[in-house]
Chemist: 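Please read through the structure below; I'll follow up with questions.
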Amino acid sequence: MAMEPLAKGYEPADVEQRWLDYWTTHQTFTPDVDKAATHPDQNYSIVIPPPNVTGALHMGHALNITLQDIMCRYMRQQGKTVLWIPGTDHAGIATQNVVERQLLSQGLKREDLGREKFVEQVWSWKEDYGGRILNQIHRLGASVDWTRERFTMDEGLSRAVREVFVSLYEQGLIYRGQYIVNWCTRCHTALADDEVEYAPAQSVLYHLAYPLEDGSGSLTVATVRPETILGDTAVAVHPEDERYQSMIGKNVILPLVGRRLPVIADAYVDREFGTGCLKITPAHDMNDWEIGQKYGLEAISVIDDLGFMNDHAPQVYQGLSVAECRKRIVEDLRACGALQAEEPYENKVNQCYRCKTTIEPFVSEQWFVAVKPLAELARKAVEDGRTTIWPAQWNKTYFNWLDNIRDWCISRQLWWGHRIPVWTCQECQEVLVTREDPTVCTCGSTRLVQDEDVLDTWFSSALWPFSTMGWPEKTKELQAFYPTSILITGFDILFFWVARMMMMGLKFMDNVPFHDVYIHALVRDEHGKKMSKSTGNVIDPLAMIDKYGCDSLRFTLTSFAAMGRDIKLSEARIEGYRHFINKIWNAARFALMHVDGSEPDFDPKVMTGLHHKWILHRLEILKKEHAEELQGYRFNEAAQGLYTFVWHEFCDWYLELIKPELYGEDDQVKAQTKACLKHVLSEVMIIAHPIIPFVTQEIWSSIPSLDMECLALRPYPKACPLCEDMQAAIDMEFLQQVIVSIRNIRAELGIAPGAQLTVLLRADGQERDLLLDHAIEISTLARVGTLRVEPDMDIPKGCASAVIKGCELFIPLEGVVDFEAELARMDKELGKLAKELEVVTKKLANESFTNKAPAEIVAKEQAKAQEFSDKKQNLEQLKAKLLAFLG
RNA sequence: GGGCGGUUAGCUCAGCUGGGAGAGCAUCGGCCUUACAAGCCGAGGGUCACAGGUUCGAUCCCUGUACCGCCCACCA
């Protein structure tokens, strides 16, 4: 791209679009897989957590994508061949809902279309709108390989799903069974345990008396769901509960129905709760189901799949909704005297995580994965460190979940998804589970009917790390890039997704799906509340990009991405970091006003100026630390380190220090300065690029005579041992102290900003040389008119003064200022010194400290004590002189 | 009920293996100094929640308490 002078302010919109197009047309982020296959240890790979195809980009995605992009871009700089695969998830229920709503607006239901037409309709919806979220991810600058976009219902991925299902079935790890499942009466499907949410609810706890069959009294049970008594098949008490000993083994009569129910004893019953007496309804309660299994109780379903009372309920209740029935039953129980008490009661009600409809436990035929053996693999891999979870605090949660895992219900009564590859012969009832669709049964019949259900969406996403690379084929991609390097995701899908990928990866690839798992924070609003549409506190990442630029958003998210802590985000923060992006822009603009391509190549050996040595030294440290921080996923520290270097070292000091040279007459000095400036600017652009790719690339392409147009492909700067210079750091700090002291006196004493001061510096030896060498810089940065540096001098009467280690500083004040202010300033300084000296002296007086602490620490404290006490003495003398002068 | 995390400046938070409390924003004072007023220079502000313990030394490690948040769980 053509080099033009940089615009006055950074205008992100145009810049971003230009580079996004560039990366796309050049396929910058498409790796050479053939090359990669030859050296797998030089590769780096990530699979994107596939967003729902119905999704719209939110801040969680923005954070997630930004962090992944930082790692991918950084690893490219480290010379790795990087593959980052993008894609979307077909999101069974969510997508079906969207299309059903669309149909509904035309007055149609999916049943009106029939399955085949409906699924066609969903596909067509996906073609039209399914790319939206990927376009949004694209705008974030994600350096994914767009030539490898995947979708969980792609042909290839569907093949993987089929292979896994059949294989697990053949190994007896997938089975079909009657089971009580979480049933959403609205979505009309079973849900996995973790797809159920709990919401607090104001309920009523009803106490109901069940008379004993022998007339010897009654048992009182407590329930919030009186309509389910119609399905009761037992009453349970605690085996050691004295109150009910005599009743165990007897029968009670179910009110309104008249069924005989056995009184059983089981330790599951909590004696403290309610009456200590529990009605057992195996068909409509998870726990009751287990007790029912244990005691061989009948499970009588009285509620149907739509949430209405079915024909197992007494005639009068049939066809009523659960809510209506509850009302009727309560009335009837009250009428017959069985209702003994009602009390308000706060409990939790189970809801569908998609539509918030109350979940009905429902007995039906479902498909399950026996996950115990898989869970063990998944546990072990983290235990022995084949996969590392960052931060480690999630290990416990992960283990705990795997240890208590129950079989995974994978069938869903939906139309959109991977259809279960199971056929039943209508002739001989043979069940066929095959890799290719069967046309004929072993008995010769062709009357084969496929299972109506589809698989849980998470079944296919569990295969994502290898299905996206072409499994079950043995592809070059798998060879080069599996296991992936890291998975970056939010903790909300640790169970849904991460744990299941671990299981499937270990089972089918015989290797972990990723070496590292980085669990990042949740992005909340500025008050710490979850962002949600209904609360109206959502900050739209795309709106922020439009307003402040993508780099501002990315840098903000990165700055707050401290491990294991939620991010409270507000627009003001993004706006704030835009200032930083603009600062970089302007610094570059300044630099490029002088760097014109005529300067010599940078050579650390010929750099002589202290400020050059210093900034090069700081740059070395930045390079090293920045790399370490990214390797350790300490994104916030990486961002902060960059911020401090660019703003407070490069801009505040270095650029100011080189101005006299740049505006000066010495062409040779000027040339070296430009060379160094260009070098530092270039390396900083590279280092910053993974976090803020756009502004850095734009600046990069304006730097004259660089070796590569595309910054994203430029390697990370090599370490420059020659540039490390501790002495320069120490000397520079000294100079900074001198300058700051002068500025401080100016400000505190209210000296006119325009006034050109006279400053006397008393220093000797090294310090004196240093000061003399940099007289111009000091004068410029502190606005000094006359600067004198001498080993000894008569201290003028009536001056402001400061004591720095190695130097005393005097500013004659005659006619300039009131001396009260100066005295106050000195007192403040003396107070500070006294306090610090006291702390150190006390420490050194403590024998156990001097004896036990490491010698190095003690020496440090001694040096401090010396320094403080010297300074204090010095300053006290100066104060005395000033007082004497004032009379 | 179990588990996890948090409590540091007015606000939002850093502080990685224990050794003189930091940043950004906000506040106050002064500056249009030719890269940047989206800026520059300077200043004020903290019993590091509380109580114990370990240590020469604790914001940091251990125990307990309080409050806040999250996750998991079968109290009808």
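Throughout, a chain's letter reflects where its sequence line sits, starting with A, and its residues are numbered from 1.
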Chemist: Just how far, in rounded Å, is C1' of B/A35 from CG of A/L681?
Modeler: 12 Å
Chemist: Between B/C40 and A/W647, is there an OP1 or OP2 to side-chain N/O distance shorter than 4.0 Å?
Modeler: yes
Chemist: Of the listed nucleotides (B/A38, B/A35, B/G44), which one gets closest to any side-chain atom of A/R589?
Modeler: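 For the A/R589 side chain, the nearest candidate turns out to be B/A35.
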Chemist: Nearest to the side chain of A/N287, which nucleotide is it out of B/C56, B/A35, B/C74?
Modeler: B/C74
Chemist: When the distance from CD1 of A/I291 to P of B/C75 is rounded to whole Å, what number comes out?
Modeler: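 In whole Å, B/C75 P lies 13 Å from A/I291 CD1.
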Chemist: Kindly say whether A/Y10 contributes a backbone atom to a donor-acceptor pair with the side chain of A/N582 at under 3.5 angstrom?
Modeler: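 Answer holds: yes.
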Chemist: For a quick check of understanding: with a heavy-atom distance under 4.0 Å over all strands, which category does A/R406 fall into, base, sugar-phosphate or nothing?
Modeler: sugar-phosphate
Chemist: Taking for each residue the nucleotide of RNA chain B with the nearest heavy atom, is it A/M593 or A/K852 whose nucleotide lies nearer the 5' end?
Modeler: A/M593
Chemist: Taking the six-membered ring for Trp, are A/Y663 and A/H594 closer than 6.0 Å centroid to centroid?
Modeler: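 Centroid separation for A/Y663 and A/H594: below 6.0 Å.
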Chemist: Does A/R783 reach a base, just sugar-phosphate, or nothing at all? Heavy atoms under 4.0 Å.
Modeler: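 Base contact.
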Chemist: Please check if any side-chain donor atom of A/N636 sits under 3.5 Å from a side-chain acceptor atom of A/Q640, or the reverse.
Modeler: no
Chemist: May I have the distance from A/Y398 (atom OH) to B/C71 (atom P), rounded to whole angstrom?
Modeler: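 After rounding, the reported distance stands at 21 Å.
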Chemist: Using the C1' atom as the point on both nucleotides, what is the distance between B/C75 and B/U7, in whole Å?
Modeler: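 Roughly 32 Å separates the two C1' atoms.
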Chemist: Output the single nucleotide from B/A35, B/C13, B/G15 whose closest atom is nearest the side chain of A/K568.
Modeler: B/C13
Chemist: Between B/C13 and B/A35, how far apart are the two P atoms, rounded to whole Å?
Modeler: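 So the two P atoms sit 38 Å from each other.
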Chemist: Ignoring the backbone of A/E748, work out which of B/A35, B/A43, B/A38 is nearest its side chain.
Modeler: B/A43
Chemist: How is A/N582 classified with respect to the nucleic acid when contacts are heavy atoms under 4.0 Å: base, sugar-phosphate, or nothing?
Modeler: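 Since a base atom lies under 4.0 Å of A/N582, the category is base.
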Chemist: Taking the cut-offs as 6.0 angstrom to the six-membered ring centre and 45 degrees off its axis, would you call A/K659 and A/F590 a cation-pi pair?
Modeler: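 Yes, a cation-pi geometry.
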Chemist: Could you tell me the Watson-Crick or G-U partner of B/A66, where both distances fall under 3.5 Å? Say none if there is no partner.
Modeler: B/U7
Chemist: Taking only N and O in the side chain of A/K864, is any of them less than 4.0 Å away from OP1 or OP2 of B/G19?
Modeler: no
Chemist: Applying a 3.5 Å limit to both distances, which nucleotide forms a Watson-Crick or G-U wobble pair with B/U59?
Modeler: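 Partner of B/U59: none found under 3.5 Å.
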Chemist: Starting from C1' on B/C75, measure out to CG on A/N350 and report it in whole angstrom.
Modeler: 13 Å
Chemist: What I want to check is whether the side chains of A/Y206 and A/E343 have a donor and an acceptor closer together than 3.5 Å.
Modeler: no
Chemist: Would you mind classifying the nucleic acid contact of A/R634 as base, sugar-phosphate or nothing, using non-hydrogen atoms under 4.0 angstrom?
Modeler: base
Chemist: Using the P atom as the point on both nucleotides, what is the distance between B/G15 and B/U33, in whole Å?
Modeler: 40 Å
Chemist: Using a 6.0 Å distance limit plus a 45 degree cone around the ring axis, check whether A/R743 lies over the aromatic ring of A/W653.
Modeler: yes
Chemist: With a non-hydrogen cut-off below 4.0 angstrom, is A/K828 in contact with a base, only sugar-phosphate, or nothing?
Modeler: sugar-phosphate
Chemist: Nearest whole angstrom, please: distance from the P of B/U34 to the CG of A/L655.
Modeler: 15 Å
Chemist: Which part of the nucleic acid, if any, lies within reach of A/Y577 when heavy atoms closer than 4.0 Å are counted: base, sugar-phosphate only, or nothing?
Modeler: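 The answer is nothing, as A/Y577 stays clear of every strand by at least 4.0 Å.
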Chemist: To the side chain of A/H648, which of B/G19, B/G24, B/C36 is closest?
Modeler: B/G24
Chemist: Could you tell me the Watson-Crick or G-U partner of B/A43, where both distances fall under 3.5 Å? Say none if there is no partner.
Modeler: B/U27
Chemist: Measure from the side chain of A/Q393, starting at C-beta and using heavy atoms only, and say which of B/C56, B/G39, B/G5 lies closest.
Modeler: B/G5
Chemist: Taking CG from A/L569 and C1' from B/C25, how many angstroms apart are they, rounded to a whole number?
Modeler: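 Those two atoms, CG and C1', are 14 Å apart.
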Chemist: Rounding to an integer number of angstrom, what distance separates B/A49 and B/U8 when you compare their C1' atoms?
Modeler: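 Each nucleotide's C1' atom is 10 Å from the other's.
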Chemist: Say you pick atom P in B/G10 and the same atom in B/U47; how far apart are they, in whole Å?
Modeler: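 Each nucleotide's P atom is 8 Å from the other's.
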Chemist: With both distances under 3.5 angstrom, what nucleotide forms a Watson-Crick or G-U wobble pair with B/C16?
Modeler: none
Chemist: Just how far, in rounded Å, is C1' of B/C4 from CG of A/D492?
Modeler: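 After rounding, the gap between these two atoms is 16 Å.
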Chemist: Looking only at the aromatic ring of each residue, does the gap between the centers of A/Y398 and A/W394 stay below 6.0 angstrom?
Modeler: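 No.
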Chemist: Starting the side chain at C-beta, find the nucleotide from B/A76, B/G39, B/C4 nearest to A/K583.
Modeler: B/G39
Chemist: Give a yes/no answer on whether the side chain of A/H579 brings an N or O atom under 4.0 Å of OP1 or OP2 in B/C36.
Modeler: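 For A/H579, the contact criterion (side-chain N or O under 4.0 Å from OP1 or OP2 of B/C36) is not met.
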Chemist: Using atom C1' in both nucleotides, what's the gap between B/A37 and B/C31 to the nearest angstrom?
Modeler: 10 Å
Chemist: Can you tell which of B/G3, B/C41, B/C36 lies closest to the side chain of A/R743?
Modeler: B/C41
Chemist: Name the pairing partner of B/A37, where a pair is Watson-Crick or G-U wobble with both distances under 3.5 Å, or state none.
Modeler: none
Chemist: Answer yes or no for A/R500 and A/F495: cation-pi contact, defined as NZ/CZ to six-membered ring centre under 6.0 Å and angle to ring axis within 45°.
Modeler: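 No - A/R500 does not lie over the ring of A/F495 by the 6.0 Å and 45° rule.
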Chemist: Any idea which of B/A14, B/A35, B/A43 is nearest the A/N636 side chain?
Modeler: B/A14
Chemist: May I ask you to say what A/E656 touches in the nucleic acid, namely base, sugar-phosphate or nothing, with a heavy-atom cut-off under 4.0 Å?
Modeler: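 Base: the residue A/E656, judged by heavy atoms under 4.0 Å, touches a nucleobase.
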Chemist: Take the protein atom CZ of A/F495 and the nucleotide atom P of B/G3, then report the distance between them rounded to whole Å.
Modeler: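 These atoms are roughly 15 Å apart.
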Chemist: According to a strict under-4.0 Å criterion, is A/N744 in side-chain N/O contact with OP1 or OP2 of B/C41?
Modeler: no
Chemist: Of the options B/C36, B/U12, B/A14, whose atoms approach the side-chain atoms of A/F560 most closely?
Modeler: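 Of the candidates, B/U12 comes closest.
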Chemist: Can you tell me the Watson-Crick or wobble partner of B/A73, both distances under 3.5 angstrom?
Modeler: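 Here B/A73 is not engaged in any pair, so there is no nucleotide opposite it.
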Chemist: RNA chain B: A/G576 or A/D652, which has the more 5' nearest nucleotide?
Modeler: A/G576
Chemist: Base, sugar-phosphate or nothing for A/D288? Non-hydrogen atoms, less than 4.0 Å.
Modeler: nothing
Chemist: Establish, with yes or no, whether the OP1 or OP2 oxygen of B/C4 is under 4.0 angstrom from a side-chain nitrogen or oxygen of A/K396.
Modeler: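 Yes, within the criterion.
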Chemist: For B/C25 and B/G69, measure between their C1' atoms and round to the nearest Å.
Modeler: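 Rounded to whole Å, the distance is 24 Å.
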Chemist: Quote, to the nearest angstrom, the P distance that separates B/A51 from B/C4.
Modeler: 25 Å
Chemist: So, do A/F635 and A/Y518 have ring centers that fall under 6.0 Å from each other?
Modeler: yes
Chemist: Pick from A/V252, A/D288, A/L254: which one makes a side-chain contact (heavy atoms from CB on, under 4.5 Å) with A/D232?
Modeler: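 Among A/V252, A/D288, A/L254, the one that satisfies the side-chain contact (heavy atoms from CB on, under 4.5 Å) with A/D232 is A/L254.
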